[in-house]
There are 2 protein chains.
Amino acid sequence: MRTDTTFKRAFNDMIDIIRTLDLGEELPSENALRAQLGVSRTTVRKVLAGMSARGIIISEAHRRIIGEQPRQIERYPKEETLAISEQVETSFMEWMLRGDACPGTEINEAELARKFGVATTIVREFLNRFQKYGLIEKRQNAGWVFKGFTASFALELFEIREMFEMRSARLFAALPDGSPVWKQIQAMRAAHLELLADIDARFQDFSELDSRFHRLITAVAPNRFIESFQDVITMVFHYHYQWNKRDERARNEVAIREHLALIEALESRNIASIDRACRLHLTSARETLLRSIA
Amino acid sequence: MRTDTTFKRAFNDMIDIIRTLDLGEELPSENALRAQLGVSRTTVRKVLAGMSARGIIISEAHRRIIGEQPRQIERYPKEETLAISEQVETSFMEWMLRGDACPGTEINEAELARKFGVATTIVREFLNRFQKYGLIEKRQNAGWVFKGFTASFALELFEIREMFEMRSARLFAALPDGSPVWKQIQAMRAAHLELLADIDARFQDFSELDSRFHRLITAVAPNRFIESFQDVITMVFHYHYQWNKRDERARNEVAIREHLALIEALESRNIASIDRACRLHLTSARETLLRSIA
DNA sequence: CATATGTTTCTTATGTATAAAAAACGAGGG
DNA sequence: CCCTCGTTTTTTATACATAAGAAACATATG
């Protein structure tokens with residue numbers, strides 16, 4: 001019943017590990033592989049068995065050596081490495097953002113399960129987790145209501161985001177000179193400049209950098225509720241912009257420049273300029289989002 | 001498989017409705033009852049059938065009249081009116097707050113299900129929903145970790161709470177004189193004074209009033225993320241203090257006075273006094289919570 | 001024909017089943 | 001003994017089943 005996506009992902013990762021080894025070389029211990037692959041030893045052994053069956057690994061008494069280099073073909077396709085719950089997430093996001101789900105639409109667990117081709121249990125579990133994003137609401141003994149990816153959603157989101165980011169930026173600036181974060185922020189600036197230099201080709205890399213930047217600022221004074229809210233933001237940007245590529249290059253370039261301005265403000269330690277830079281960035285991000293919703 | 005708690009709750013509520021009617025009087029239509037009881041007509045009919053079987057209602061051709069007044073005995077006990085998912089919530093809270101669950105404890109779905117005497121599915125569903133409270137964390141393909149009801153939890157909670165409440169209080173004070181909220185806040189003050197006058201007997205009623213007060217202030221500028229955060233606060237106070245009765249009367253009396261001060265500040269429309277009153281209240285609430293955790 | 005009741009169909013809440021994955025246990029070898 | 005590997009037990013992810021509840025449809029009655 002359970003899918004073997006963990007195995008398949010580990011198998012693919014194992015191929016990469018073997019690539020770094022020479023023919024005839026002995027493999028690391030199961031335990032070492034377990035740590036490298038981030039799975040249980042049970043799964044490691046399954047992977048090893050699979051590779052043995054394919055002749056990639058030759059198992060002799062109490063030792064395992066590389067028999068032949070695996071070929072690219074032997075990798076499992078990406079889809080098969082995603083747990084059903086992850087597939088449901090993608091399906092749902094697509095249904096929500098590109099489908100005709102308008103505000104107020106009733107969400108039917110059974111119907112979604114049929115549409116996505118999965119069990120109701122898993123749709124239900126997903127919806128329960130997804131609830132925290134504030135886009136759906138449960139009604140007792142009935143289904144869910146989709147509240148809509150609307151302007152008011154964006155406004156409420158950014159109201160909170162502003163409070164949280166201003167708070168973090170201020171705390172950040174208050175750190176002592178000796179703190180290692182100042183090095184990290186330097187590295188961040190370098191990464192931004194690099195991306196900016198090659199913006200035409202790499203503008204799609206911004207989304208990940210954006211998330212890392214904001215998390216770095218937040219991390220100096222950890223608060224689980226703020227971190228959890230960042231998930232909301234990440235989700236919104238990840239999925240929403242995945243289906244809304246309009247002006248993506250320009251949008252990202254603007255954001256990079258705003259980040260650079262904020263970095264400079266942080267380094268100046270001047271609260272007023274930090275507030276200004278922070279607010280400027282958030283306002284522009286909000287306007288961009290609002291424009292793409294309308 | 002599904003429990004009939006909805007029916008039992010509706011049945012109990014129906015007893016109260018019948019109490020307001022006279023012997024031989026005709027009952028409202030199924031549809032009217034449906035609206036009053038807040039359930040589906042299917043459930044209403046089941047309740048009516050149950051009452052007919054007991055002789056409380058006499059069904060003649062196309063009309064139903066009261067046959068005899070139901071007795072208190074015939075009510076279903078409270079426990080049977082709680083959905084399994086609600087029972088799981090209570091069980092879990094008790095396990096967490098009074099049991100020996102120290103920070104870092106691993107939470108085992110299967111074990112909890114056995115302990116609570118329910119299916120694993122429902123424990124899993126509960127944990128997924130409960131995740132948003134920031135007290136537990138999921139680990140891929142493994143169980144959950146209980147992060148602990150610790151001082152840092154309380155501090156992080158109050159950091160957010162302060163931001164949110166200050167924001168709401170300021171927006172509240174900015175409302176025009178004509179706004180109906182000023183009447184509501186008057187009523188709130190009256191409710192507080194009433195409770196204060198009878199504090200020795202009714203101190204346990206404070207918890208609900210507290211929640212209502214904070215929600216009233218928040219409601220003037222709705223934000224789904226803030227509202228959702230209030231659920232966290234409500235949960236904390238509801239359950240934590242349920243198992244921590246120390247100084248309850250004194251604690252609540254202090255809080256009531258602080259609320260009254262905040263009400264006065266709000267009415268003064270003076271931002272500085274609002275901030276002061278608000279912060280004072282939150283500081284004292286935080287200290288109280290911290291003291292009870294230590 | 002509008003409203004109330006009877007009937008049928010669909011959905012949700014909750015239990016059970018099972019393969020995959022993790023963890024625990026155990027035995028040899030350096 | 002510590003580490004590695006083989007084996008057994010436990011737990012999780014996911015599917016499926018079904019009674020309770022909601023909703024839709026149908027019929028009757030004033």
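Each chain gets a letter, A, B and so on, in the order the sequences are listed, and its residues count up from 1. The structure presented is a predicted model; accordingly, all values stated were derived computationally and were not measured.
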Task: A:Phe164 and B:Phe164 aromatic ring geometry - parallel, tilted or perpendicular at 30°/60° bounds - done: parallel
Using a cutoff of under 3.5 Å, can you pull out all pairs of nitrogen or oxygen atoms linking the protein to nucleotides 17-22 of chain C, with atom names and distances?
unit_1: C:dA19; atom_1: O4'; unit_2: A:Met1; atom_2: N; d: 2.9
unit_1: C:dA20; atom_1: O3'; unit_2: A:Thr3; atom_2: O; d: 3.2
unit_1: C:dA20; atom_1: N3; unit_2: A:Arg2; atom_2: NH1; d: 3.2
unit_1: C:dA21; atom_1: OP1; unit_2: A:Thr6; atom_2: N; d: 3.0
unit_1: C:dA21; atom_1: OP1; unit_2: A:Phe7; atom_2: N; d: 2.9
unit_1: C:dA21; atom_1: OP2; unit_2: A:Lys46; atom_2: NZ; d: 3.1
unit_1: C:dA21; atom_1: O4'; unit_2: A:Arg2; atom_2: NH1; d: 3.4
unit_1: C:dA22; atom_1: OP2; unit_2: A:Ser40; atom_2: N; d: 2.8
unit_1: C:dA22; atom_1: OP2; unit_2: A:Ser40; atom_2: OG; d: 2.6
unit_1: C:dA22; atom_1: OP2; unit_2: A:Thr43; atom_2: OG1; d: 2.7
unit_1: C:dA22; atom_1: O5'; unit_2: A:Ser40; atom_2: OG; d: 3.4
unit_1: C:dA22; atom_1: N7; unit_2: A:Thr42; atom_2: OG1; d: 2.7

- [ ] Would you mind reporting whether B:Val39 and B:Phe7 have side-chain heavy atoms less than 4.5 Å apart?
- [x] no
Task: Parallel, tilted or perpendicular, as decided by the 30° and 60° cut-offs, for the rings of A:His240 and A:Phe149 - done: parallel
- [ ] Could you check whether B:Arg114 gets within reach of a base, just the sugar-phosphate, or nothing at all, counting any heavy atom under 4.0 Å?
- [x] sugar-phosphate
Atom pairs, N/O to N/O, protein against nucleotides 28-30 of chain D, distance under 3.5 Å?
none

- [ ] Would you mind classifying the nucleic acid contact of B:Arg64 as base, sugar-phosphate or nothing, using non-hydrogen atoms under 4.0 angstrom?
- [x] sugar-phosphate
Open item on the list: Could you tell me how far apart A:Gln87 (CD) and D:dA13 (P) are, to the nearest whole angstrom?
Closed with: 15 Å
Task: Flag side-chain contact, heavy atom, 4.5 Å: B:Phe126 against A:Asn128 - done: no
Task: Protein-nucleotide distance (A:Arg124, atom CZ; C:dG15, atom C1'), rounded to Å - done: 13 Å
- [ ] Could you tell me whether a side-chain N or O of A:Glu80 sits under 3.5 Å from a main-chain N or O of A:Pro77, the two making a donor and an acceptor?
- [x] no
Task: Residue closer to the 5' end of DNA chain D, B:Asn108 versus A:Ile84 (nearest nucleotide) - done: B:Asn108
TODO: Answer with base, sugar-phosphate or nothing: what part of the nucleic acid does A:Arg34 contact at a heavy-atom distance below 4.0 Å?
DONE: nothing
Open item on the list: Let me spell it out: for each of A:Ala119 and A:Glu106, pick the nucleotide of DNA chain D with the closest heavy atom. Which residue's pick is nearer the 5' end?
Closed with: A:Ala119
TODO: Using atom types as modelled and distance alone, determine if a side-chain donor or acceptor of B:Asn223 lies under 3.5 Å from a backbone N or O of A:Glu156.
DONE: yes
Open item on the list: So, using salt bridge (Lys or Arg N to Asp or Glu O under 4.0 Å) as the criterion, who are the partners of A:Glu111 when residues are at least two apart?
Closed with: A:Lys115
